[in-house]
Novice: 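Before I ask anything, let me first share the structure, which is written out below as structure tokens.
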Protein chains: 2
Amino acid sequence: MPTLRRNDTARRILDVALRLVQVQGFNAFSYADVSAELRITKASLHHHFPTKAALGKALISGYTADFLAALAEIDARGGDAFAKLRAYADIYLSVLRQERMCLCGMLAADFETLPKAMRASVTEFFRANEEWLARVLDEGRRAGTLRFEGAPAATAAFLVSSLEGAMLVARSFGGVSRLEAVVDRLLASLRRVPPS
Amino acid sequence: MPTLRRNDTARRILDVALRLVQVQGFNAFSYADVSAELRITKASLHHHFPTKAALGKALISGYTADFLAALAEIDARGGDAFAKLRAYADIYLSVLRQERMCLCGMLAADFETLPKAMRASVTEFFRANEEWLARVLDEGRRAGTLRFEGAPAATAAFLVSSLEGAMLVARSFGGVSRLEAVVDRLLASLRRVPPS
DNA sequence: GTCTATAGGTGGATAGAC
DNA sequence: GTCTATCCACCTATAGAC
């Protein structure tokens with residue numbers, strides 16, 4: 001059984017690079033930034049991730065895996081669909097409270113200049129998010145805890161768009177209050193109020 | 001009376017730089033790109049805009065002025081508040097159809113690495129948009145053509161966030177259909193259906 | 001107002017020793 | 001797996017001739 005290796009070099013490189021990309025974007029961060037912070041030479045970084053595109057792909061893979069694991073954890077906790085949506089939105093809030101953006105939101109802004117190998121992975125992140133959301137939305141509507149019109153997939157796409165945008169705009173105003181306001185509004189619009 | 005000078009060099013530099021930033025972001029575009037496209041040397045560009053920050057500020061000023069002029073034009077056309085909201089959303093759609101992003105949406109993603117002199121101007125763009133939207137929303141609710149809860153400013157902030165996010169995510173999926181879907185949903189959620 | 005030339009720095013990436 | 005040393009392309013910006 002292999003060691004967990006939570007602290008091995010590749011892991012630490014990914015952690016630092018992830019934060020830098022979430023804050024600055026893919027074009028604005030450099031191997032030199034990571035090098036300075038970890039006090040490892042740029043040449044060593046290239047040993048672990050030969051090109052910036054390779055590092056970028058690893059970042060998206062890890063981020064998507066962690067995100068999907070968080071969604072599985074939400075499912076595992078049980079609770080109704082509305083609670084799951086709230087927990088989903090809380091992920092966005094917690095990322096912004098760490099003064100970070102969604103990795104793939106940032107990469108979506110960088111999309112046109114991204115190495116081609118990274119682009120499909122960005123889209124796939126959104127698609128996987130929407131797939132999970134669509135399932136929760138469908139469950140909730142059937143169970144009577146959620147209310148919305150049309151296909152679950154359409155509402156799921158709407159939620160992802162709104163949360164990503166709110167996160168982006170909120171940061172430029174400073175703080176998380178704008179994202180909180182959008183989350184409250186989105187949840188309120190989906191909540192099925194039981195007849196009195 | 002000064003010439004209109006619609007085609008003078010500074011204007012052409014701004015036009016090209018605007019498109020490049022809308023597509024690639026502020027960090028990804030360079031004086032060299034503009035230089036190549038206009039076949040003017042980088043040194044000449046620096047004559048008109050001494051620093052990249054100065055060029056960036058001019059871009060935001062011009063973009064905001066054009067945007068506010070478009071909003072004034074919407075007001076001038078008359079029509080009810082719902083029609084004005086639709087016209088507002090159509091601006092976003094038309095930008096994306098040109099395969100561009102909102103300048104300030106892109107700059108919001110670049111926010112942390114932006115020259116400090118540019119940051120307040122980005123926020124101001126959003127603020128001015130929301131101010132216009134809040135007024136239209138208030139008018140519409142009073143006149144009975146729009147329906148929403150809470151302060152107009154809160155709904156205005158929500159609209160800007162959702163449209164910016166939808167634009168960003170839509171591009172990574174290719175095409176404008178995702179933005180169209182979000183626009184339809186936002187407008188439907190605000191429309192006051194007259195009692196039958 | 002545009003040019004040539006260049007400065008001074010940083011970018012991603014590689015070779016080869018240890 | 002980490003290092004030193006280096007490459008070359010590109011970056012923003014400036015000096016000074018025309």
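Everything quoted here is computed from the prediction, not taken from an experiment. Per chain, numbering begins at 1; letters A, B, ... match sequence-line order.
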Novice: Yes or no on salt bridge (charged side-chain N to carboxylate O under 4.0 Å, His left out) for A:D15 and A:R19, after CA distance, side-chain angles and deciding distance?
Specialist: CA-CA 6 Å; A:D15 287 344; A:R19 175 171 42 77; over 6 Å; no

Novice: Toward the 5' end of DNA chain C, which comes first, B:K42 or A:F29, by nearest nucleotide?
Specialist: B:K42

Novice: Side chain of B:A43 only, heavy atoms from C-beta on: which candidate in D:dT4, D:dC11, C:dT4 is closest?
Specialist: C:dT4

Novice: Without decimals, in angstroms, what is the distance between B:L45 CG and C:dT4 C1'?
Specialist: 15 Å

Novice: Could you verify whether a donor N or O on one side chain and an acceptor N or O on the other, from A:D80 and A:T145, lie under 3.5 Å apart?
Specialist: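 Per modelled atom types, A:D80 and A:T145 side chains form no pair under 3.5 Å.
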
Novice: Send over the distance from B:L38 CG to C:dC3 C1', rounded to a whole Å.
Specialist: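 Going from B:L38 (CG) to C:dC3 (C1'), I get 16 Å.
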
Novice: Separation of A:N27 atom CG from D:dA9 atom C1', in whole Å?
Specialist: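 In whole Å, D:dA9 C1' and A:N27 CG are 16 Å from each other.
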
Novice: From CZ of A:R12 over to P of D:dT2, roughly how many Å is that when rounded to an integer?
Specialist: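 Value for this atom pair: 8 Å.
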
Novice: With a 4.0 Å cutoff (strictly under), does any side-chain N or O of B:T41 reach OP1 or OP2 of C:dT2?
Specialist: no

Novice: Checking side-chain polar atoms at under 3.5 Å, does A:R147 have a donor or acceptor matched by the opposite partner on A:S189?
Specialist: no

Novice: Tell me, please, whether A:F26 has A:K52 positioned over its six-membered ring: NZ or CZ under 6.0 Å from the ring centre and within 45 degrees of its axis?
Specialist: yes

Novice: Between B:D33 (CG) and D:dT12 (P), how many Å, whole number?
Specialist: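 The distance from CG of B:D33 to P of D:dT12 comes to 8 Å, rounded to the nearest Å.
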
Novice: Within less than 4.0 Å of OP1 or OP2 of D:dC3, is there a side-chain N or O belonging to A:S44?
Specialist: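 Answer is yes, contact under 4.0 Å.
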
Novice: Specify the separation, in whole Å, of atom CE of A:M118 and atom P of C:dG12.
Specialist: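 Atom-to-atom, A:M118 to C:dG12, this comes out as 13 Å.
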
Novice: Within the 4.5 Å heavy-atom criterion, are B:D33 and B:V16 side-chain neighbours or not?
Specialist: no

Novice: Measure NE2/A:H46 against P/C:dG11 and give the value in whole Å, please.
Specialist: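 The answer, rounded to whole Å, is 11 Å.
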
Novice: Where the side chain of A:A32 is concerned, which of C:dC3, C:dG11, D:dT12 is the nearest nucleotide?
Specialist: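 From the listed options, C:dG11 comes nearest.
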
Novice: Check whether any side-chain nitrogen or oxygen of B:H47 sits under 4.0 Å from OP1 or OP2 of D:dA13, and answer yes or no.
Specialist: no

Novice: Verify the contact: side-chain N or O of A:T9 to OP1 or OP2 of D:dG1, cut-off strictly under 4.0 Å; return yes or no.
Specialist: no

Novice: Over how many whole Å does the gap from B:Y31 atom OH to C:dT2 atom P extend?
Specialist: 14 Å

